[in-house]
Structures are given as structure tokens and as C-alpha cells.
Amino acid sequence: MSEPTPNDVQRELIESTEGPYLVDAGPGTGKTFAVTRRYGRIVDRPDVEPEDVLLATFTRSAATEMKERIVDHSGYGLRELADAPIRTFHSHCHEILQEHGYAAPTHLGLDERITGSTRILEDELIEAERFREFFGGFRDDHPEHADFYRALSAPGEVLDLIEELASKGIFPTTDGWYRDGESHLDGDFEAFQERFDAANQPRNDGRKQSELREDLSGFGRDKAYRADAPSKSTLRGGRGTKRLDDDVARQVFYEERDGLKAFVHDVYVEYLRFALRRNYLSFSFLQLFAFVLLCEDERAREAATFEYVIVDEFQDTSEVQFKLALLLSGTENFCVVGDWKQSIYSFQYADVDNILEFEARLERFAADLNADADRVPFDSPDPTRIELRENYRSTESVIDLSERAIVTPASSGDTVGTGLDDVVALSSNAAFDNTVVEGIRHEDEHEAVLSKVQEIVGNDDYAVEGEDGEPRPPEYGDIAVFTRTRDYGRELLDVAAEYDFPVAYDGGVELFRTDPAKLLLAWLRILESDADRGWAVVLERAGYAFDEIDHALETGTYPTEPTEFRDELRELESVGAVARRVLDRYGYAGDVADVLLHTLQSVHDSTTATRGELIRHIERGVETGSTVDVRATAGDDAVTVQTIHTAKGLEYPIVVMANMNEGRFPPRSGGSSVIGYRDPVGLRQRKIYSEEGAHPHVYDNWRHDVIRRCLPREYDEERRLLYVAVTRAESHVVFAAGEDPNTFLEELPVAVEEIEPDVEPLDRGEPGDAELPFAVTAPDGPIGHSPHSLMDESVFEEAGERREAGPDHESEPETRGMDFGSRVHDFAEAYALGDDETPSNDHERRIVELLDGLSGEKHVEEPVTLPIDVDGRRVTVSGIVDLVHVTADRVEVIDYKTDATRRAQSEYKKQLSVYYHVLDEWFPEKAVETSLFYTSDGTREPIEPHSIEELRALVRSAEAESD
DNA sequence: TAAGACCGCATTTTT
DNA sequence: TGCGGTCTTA
């Protein structure tokens, strides 16, 4: 498409180069066009050189695109702009540190230096490993923080916190906190109280309790608090009470936090030191040191400032990036461009308030930075606001739909903070508007999507705009299917492959968790040692039943055909050749297979890895779920499948928004994080330790449980995600759901039609899955003979159904169709891939038997019941065994929870007594030991189990309680 | 209207 | 583990 002439608003943006600007640039409004023209206009002036203008972007690809577009429309060539500061924040920070950063750490009191050899650590897995290593040493050196180690389940939680603090501009110094960092850690009581009061208003004219009180109806459920916590009824007041006492706000906010702050401070500053000594910087530390340097070193700042600063995709910037941008501005010529409705990277610390509260933040940040020195030129900034309103991408109907989407509640009870008033209305200038917006629904959602696509292709009802501006019937390549999750995308690809359907995946793939990778791993294991775990997978895949495989593994006699294939593989010299043969055998072709081959080949080439090392590499990849980028091959007429995040910035004539099913992202929360930071409440600890007693124990923090319920629920980002998806569409939007459409789909003005999927298989002449018809005699005859594989759920569904229908299933009451099937499946797959698992039913025990014996620790979730005679009556204690350690002659249950103790987990003695008896029952032939296991530091302490008499007493009292 | 029991479900990805 | 939603009971 040729570049249009700018409209009036674009012209204003292009020509108004002096002073601060906030540009609201909605989707399809020609933002890149205007920004690159603006840049060109600035640098084309005789007194301005490219090095006077910073154009900061969020991603490398955006930077590259900007550069290319500028080259097209300015007097500068690509070569002249090669070193121009058109880059990401991170690479610019790197640049600054390279040039002036040598002594940057000294401003925090650190003696270490940043040198030319300091590396940027890009791989987050490697960083996590380094941090674990660091944290281990830190624990040894700092016993004074022992109380906090006990509250952590993984060091990664601390690293997350450090990165979050860094993204906010909260840094440590060797003897305290940088600038006003500490005040942020303390939080702001007034701000908190406001939220508390808002959540604590009775509703329905005082007839209904406040939201906060209602939320706290689960107070203490599945929790163990210390004795000083108020009881649920004390906290909430008796029945009929409508709100919490005002004093609760104060009670929960003010809490001893010095120890916590000291702990976080020490880890933070020591990790900075560790990284510098190891000569590396993480992405967040890059920004941290650049910020400190620009703040403290006037000469460096003067050298680093620009006459013009333009920030693209401003809605994706973090707080510290906003401040960095200010420090880099030598003048007030500061222009930010973005669209708050497309801010979907909060997990990346993007802070949507940077753009929503731009004016206020600009003033506040500038004032903060100028508090003790004259650092930034913004005196009383009065930014001009420019709104790009003309949409060049979509029809009016699509724009209308997107504007509905941004104000649609994400769930029942979700209140939308923003109204349509906050949305800059866009107008379309599409040539025609024949937009179809529809919803389809069928249980087999993948098939439904594919048949819909088939219906659309070549159909004039879904005509799209051709090159000449005239309508033409759509092709596969015009259609994109968006999903929230990679998993869904992968499932869709699998189904599409069955029909030979032209689809291409675009984005990150958990490469080593794909079927081709699993099969390749199996064959490598076979080549290495004829490993049972390899053969089991291969034979499963080839269609053998458990008994047949059992027989083969026991006797070590494998079917002829795969044995020959193995020998054939042995002849091959390179791992790459092996991989290619294996993938060929199963008919794997296409993007994923290509990337797998490429990845493995490059590992092998670069490190001359042995086969064993390659196996470990894949195993590690499976464990960590590391992803590799797969790009859709351009030029193919194929449907693009991608996550919404990947699709940002792209456009397609037709968008299918898939997986509009019940179940949303949980609102952003600390997850399993124990120590967290939230703006109004500062640094908080979610778990606390008991300080007294022989058995230090970690409890939940009741204060935190109240506080978190006062904070607003964050569904906004989901709405924005939907907005991004819809606004990718030029002409048509199709929503697709499986069983239950979600609230979004229900609330939008979209008719959802129940359709009958009917995908017509295409034959594009590519190899399909190879059938391998060979048989082996099994001793007891096959359980079943349907083709199945460890990767194929349907087999286990069948197995489950058969079992349910069969005569001998009474012994396993929890056996239920799909549920059962997927459990066996998960088990078999996990086991085959090397996870430790303990069988919980006959099927699983069989799998283990046939996949060879296993010793060591196993996670199980086995419900157990222990019948005991109490006062002549037979009662049952029930619970869940969680973690077992088995060796040849000894067995030990490490973690057991009774149903009662699931609610109050401190009742160690009761637990131990119960599992002591359970173990005897389970493993009559092995010596049974009991031990106490603290997750925090891995130590085990023996405890005397209760006698059966004491146990009876416990049961009696438990019964009395429940009466 | 409130409280309790129970069930099902647990991300996205860039530097 | 930990929560939100829904269904059941008070």
C-alpha cells in the first residue's frame, strides 16, 4: 500500500515538534506513519542530526520497522541511520552504560564496576539459575534472616520481587534505599484507607453487607493463622453486621515490617553485587544503573540527553522507563505515543497509568527528579494532547464492536472502570462495510473453527478488500485465528493437521513438549541404551497395548520393524540425520519440525554435544517449558494461528477469536508469591513464621488476607486483550466457543449460533501419519487394540469408558470416564518423560511395573482412609498422602494431610500418626519410618507417632467438634 | 441475605 | 494450594 498523505491530525503531530505531546493513537490510525514522518521532518532540518533525536521503542522489531520506514521518507539512508538512537529502552540503557557507566554502581555505594566486558544476561532461565546459586550462598552468609527463608517456597519469588521493585525505580544502596525508595516500601496509609473504605461500604441502602465483608466470608478457610489473629466473627462482627469496623484498616496496615524490609534490602543489594562480580547485568539492572547514573552524574546526563525524545508504544512502558525518558530529555520536546486500550503487558511491568495519568505523572516525576538538583527541564509541563481519530484499517462495524468490547464486563460482578467517554472514538474510512460479526459454538470447537474457515474461504458473503480496493472472495491467508493461550493454538494445529488443513503457527512454542520432540527423545534414549522409557513411548505410539509392551520390555525382545529402524538409525553419523529420519518416519513436517531440527542441529554443532548431552538438553527443555519462536512462513496461503500478544501490531482481513469459553485469566495477583509489593500498601509479607516453639512453622498472614481484598480486581487487562484482538480485523470477526461462552461473548452484540462442524479433509499431498502395522504376541492377550499413544488422550478416555462398563471396576470408585482417562494419561506421560510419580490405581501400577522400577521421592495425591474402632464403632479418618520416599527396603511418608489438617496444617502429630498406620497398611513388607519435613530448608525431624489409643482420642474429639 | 460445602480451575511474552 | 463460582442450607 502506498503511503497516504497525512490527515489534519497526523499533520499536526508531524509538524508540532516543539514541547511536550501526548498522542492517543488508536489502532489503525497510522501511528507509525505519522511518527516516522515526524522523525524525518526533525532530522531533515539542517541544524539537527539523527544523534539529537531519541526514538525509543519497546521491541527490537518495532525499532527496525521504524528505521526502515524513516529511511523511505527522509534524506537519510539506512547506513547513515545505522547508529542512530532508534532503539529499545534496554539497548539504549546498554549504550549509556557502555559509554559512561563505569562507576555507576558507586552511586549506590557498591565498589564494583561496569566494564566493557560486562555481559547482558538475556536468558531468564540462566538468570534464575544464577539467582538460585546466589541465594544459596546468601542464606549461608545471612543466618539473621532465617525467619524469612522459612516463609519462601522458592528463591524465584525473591527475584520476581527484586525485578518488580527495579521496574518501579525502587533501588537499594549499601546502607539504605536510593532516594525516596523506602517511603514506597512503607506504603501510604491514606491511600489504603480510601480503598478500604470504598470496599467497606454497605450496599442496597445498608441492607446488604459491604463487598469487603462478603469477600472475607472465606476468611481463614484453608488457612492457618497465628493465635494473635482475630477470629472470623471478631473480624466481621456477628450475623447481620453490614461492614467491618473502621479500625480494621489501621490494624491491618500497621504491622512490624522492619525485618522484612531489611531482608529484602540485603538480598537486593547483595544480588546486585553478585551480578557485578560475575560480570553480568540482567535487563532490569541495565535500567537500574542507567537511571542511577543519569540521576547522579551530571556530566553523564548532559552527554546523554537529546534535543528531541519520542517514545513509541508508551502504554507498554514501566515506571522506571518513563523516568528514564525524562532524564534523557534535554528539552521539553518530549513526545509520547500510545493507546491505553492496547496495554496488555502488565506482567512485563508495563504500567498503564503512565499513559492514563500522563499529565499528573509527568508533573510528579519531574518534580521528584528535580527535588534536590536541576535534572529535567519540565518546570510546569503542559503537554498538548493529540488524538488520532481516523482509522485506516477497519470498517465502521468492526470499530463499533471493538468499542463495545473495551467496556464489556469480563465476568458477572465485574465493574468497568472506564466508560465510552474515555475512549477516543474512531471513524472508519474503509471503502465498503459488508462486515460480518458472528459467534459460533460447538463442543468440538477446533473442528467448528476449521469448518467455519472453510465456509469463509471463497465465499462472497465474506468478501474482503482487494489490492484494487474492490471486494474479492477471501483466501486462507486472509484469516487469523487468535487465542489467549499457546496451548489452545497447539491443539488447533494438531486438529488441523489431521485434515491436512493449511494453518501456520506464529509465535513461541514450547518446542520440547511437542509430540515430535517427545518421540525424538524416545528414539535417542533407545539409541543410547535401549531404555525402557524410550521403547515404551515408541511402542505405545505404534499401537501396542500395555500388556504387549509389558512383555516386550520384560523380555527385551522388541518387534522386528522398529528394531530394524533402530539399527538403521545407529548407522547415521549426525544427530541431525537421526532427527530427520525420526521425524520422517512419523510424517512430521512443517514449521515445528523444521524448528526442532534446526534447534537440535545448532546445539549439536556449537557444542559438539554427545547424544547423552542432547538427551539431557531435551529433558531440560521439557522440564522448563522453554519456548522457541516459530514464524509463519510468509507467502503460503494458510490461516495464521497466534496468541493475541503476538498479534499486536498486525492486521488481518478476517479474525477468528477462538476459545471464548468460560474461565478467564485470574486477576493479576501475587500468585504463589509470598513477599509482594503493591503500590498503596507497600512491601508486604503474605506468610509469616511463628517465632516460638520447637517446630518453627509458617502461617498465613491474616492482615494480608484482609488487605488484598481491599485492592481493586484487575479485569481491565482482559478487556484490553479482547480489544487488541478485535481491532486487528479489517472486515470480519468471528467468535468461537466450545461448551460455555464466556461473559464477554454473552455481553457483546453478537448472535452465537450453534453449528455442526463438518471439516472437509484436504489432500495436499504431504505425508500423513505413518501407520506401522506390526504385531507381537502378548502373554495374556491385549487389553485393547485401538491405536493409542502416550500423547493421545482419546485412548485413555476409551480405556476409562471400558473400565467403567467392565465387570471389575467396583474396587476403584473414583474411576470415571474422561477424568480417569486423563489421569492415567498424565501419569504415563509424566512417567515416561522422567518425572517421579507413584501409581494410585491398578492401571498406573501396571504402567510403572512395565516401565521399570523406580526409587526415590514421589509426589502422589492418593486419598486414603484409615478405619479405626472407637467405642465399638468403626470410624474412618481420611486424608491425602502427598509425598512418599521409597527405597528398596524402606518407605517413608513425608507429607500427609488429613481432611481436618488441610484446614489447619499445624497438626503435625495427628498427621504423622495417621500416616504411620497407613504406611503399614500399604507396605506391609517394608520397614516404615515417619519423619517431619519442613519445606523451607529440607531438614527432617523424627517425631514420635501417636499410639493407636491416642489416635482414637483424636478421632473422638474430631467427631465431637464436627457435631 | 448470609454462610457453608463443594467443585473445578489455575496466562500471556519481551528486553 | 487457594480461589471464585455455584449450589445447598440456615
Side-chain angles (χ1 to χ4, degrees), chain A residues 56-63 87-94 120-124 127 153 163 167 202-204 206-209 213-224 232-233 236-242 281-287 313 316-318 321 344-350 411-414 482-489 507-510 625-627 629 642-648 659 661-674 686-687 700 705 708-709 713 717-718 720-721 724-725 740 743 819 861 880 882 895 897 899 902-903 905 935:
Chain A
T57 65
F58 195 57
T59 65
R60 285 178 199 160
S61 61
R87 3 178 135 95
T88 65
F89 271 102
H90 289 94
S91 62
H92 189 66
C93 288
H94 193 193
I120 310 305
L121 197 56
E122 301 207 356
D123 190 327
E124 64 192 35
E127 192 190 3
S153 58
E163 295 202 327
S167 80
R203 294 166 291 177
N204 285 6
R207 273 176 292 122
K208 196 174 170 189
Q209 64 177 333
R213 187 172 182 277
E214 186 182 331
D215 279 356
L216 286 167
S217 68
F219 183 76
R221 168 157 64 117
D222 291 344
K223 292 288 173 65
K232 187 171 149 184
S233 54
R236 300 175 70 246
R239 210 169 215 289
T241 310
K242 300 301 179 200
L281 288 175
S282 65
F283 284 120
S284 16
F285 290 172
L286 219 47
Q287 295 182 151
E313 303 281 10
D316 290 333
T317 52
S318 66
Q321 284 169 334
I344 54 173
Y345 283 102
S346 67
F347 63 88
Q348 261 289 116
Y349 308 112
S411 73
S412 61
D414 179 22
F482 295 151
T483 88
R484 296 181 320 191
T485 61
R486 288 195 207 110
D487 276 357
Y488 183 93
V509 166
E510 291 172 347
S626 58
T627 59
D629 269 346
Q642 58 194 167
T643 62
I644 301 168
H645 286 88
T646 322
K648 198 174 171 199
N659 204 2
N661 296 302
E662 209 49 78
R664 347 168 260 295
F665 298 158
R668 212 159 88 82
S669 70
S672 67
S673 168
V674 164
R686 189 152 163 204
K687 303 257 182 174
D700 298 281
D705 283 354
R708 62 217 283 230
R709 283 167 220 276
R713 266 166 237 180
E717 191 154 318
E718 278 188 87
R720 300 197 294 259
L721 207 56
V724 170
D740 297 307
T743 321
D819 220 298
E861 264 210 18
I880 305 248
D882 213 19
D895 193 4
K897 296 181 185 77
D899 290 345
R902 286 189 88 183
R903 282 184 286 276
Q905 297 179 358
T935 346

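For A:Ser217, no side-chain nitrogen or oxygen approaches OP1 or OP2 of B:dG4 to under 4.0 Å. For the OP1/OP2 pair of B:dT15 and a distance below 4.0 Å, the side-chain nitrogens and oxygens of A:Ser91 include no atom meeting the criterion. When the side-chain nitrogen and oxygen atoms of A:Lys232 are compared with OP1 and OP2 of B:dA2, none of them lie within a distance under 4.0 Å. At C:dC3, one or more side-chain N or O atoms of A:Lys223 fall inside 4.0 Å of OP1 or OP2 (strictly under the cut-off).
One can place CD of A:Glu717 at 13 Å from P of B:dT13, the figure rounded to the nearest angstrom. Going from atom CG of A:Asp215 over to atom C1' of C:dG5 covers 12 Å, rounded to whole Å. For A:Phe347 and B:dA10, the CZ to P distance is 18 Å, given to the nearest whole Å. Taking atom CZ of A:Arg720 as the reference point, atom C1' of B:dT12 lies 13 Å away to the nearest angstrom. Atom CD1 in A:Ile344 sits about 12 Å away from atom C1' in B:dT14, given to the nearest Å. Distance CD (A:Glu214) to P (B:dA2): 7 Å, rounded to an integer number of Å.
Using a 4.0 Å heavy-atom criterion, one finds that A:Phe89 contacts no nucleic acid atom at all. Residue A:Arg213 is classed as a sugar-phosphate contact, given heavy-atom separations below 4.0 Å to backbone atoms only. Using a 4.0 Å heavy-atom distance criterion, A:Lys648 is classed as making no nucleic acid contact. Heavy atoms of A:Arg236 sit under 4.0 angstrom from primed sugar atoms or phosphate atoms, though from no base atom.
Comparing atom distances between the A:Arg686 side chain and each of C:dC3, B:dT15, B:dT12 picks out C:dC3 as nearest. With distances taken from any side-chain atom of A:Arg708 to the nucleotides C:dC3, B:dT13, B:dA2, the minimum falls on C:dC3. The nucleotide whose nearest atom lies closest to any side-chain atom of A:Gln348 is, among B:dT15, B:dT14, B:dT13, B:dT14. Here C:dG4 is the nucleotide among B:dT1, C:dG4, B:dT15 with the atom lying nearest to any side-chain atom of A:Arg709. Listed nucleotides: B:dT1, B:dT12, B:dT15. Nearest to the side chain of A:Phe283: B:dT15. Of the candidate nucleotides B:dT13, C:dC3, B:dA3, B:dA3 has the atom nearest to the side chain of A:Gln209. Among the nucleotides B:dT15, B:dT1, B:dT13, the one closest to any side-chain atom of A:Arg207 is B:dT1.
Annotation: A:His90 is not in aromatic contact with A:Phe58 [ring centroid separation under 6.0 Å not met].
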Quiz item: Please walk me through it: do A:His94 and A:Leu281 pass side-chain contact (heavy atoms from CB on, under 4.5 Å)?
Solution: CA-CA 10 Å; A:His94 193 193; A:Leu281 288 175; over 6 Å; no
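Ion pairing of A:Arg708 with A:Asp215 is absent here, as no side-chain N (NZ or NE/NH1/NH2) approaches a carboxylate O to less than 4.0 Å. Ion pair A:Asp700/A:Arg686 not flagged as a salt bridge, since none of the NZ, NE, NH1 or NH2 atoms sits closer than 4.0 Å to an Asp/Glu carboxylate oxygen.
Here A:Ala350 pairs with A:Tyr345 under the side-chain contact (heavy atoms from CB on, under 4.5 Å) rule; sequence neighbours left out.
Taking OG1 of A:Thr317 as the start and OH of A:Tyr349 as the end, the distance is 15.5 Å to the nearest 0.5 Å.
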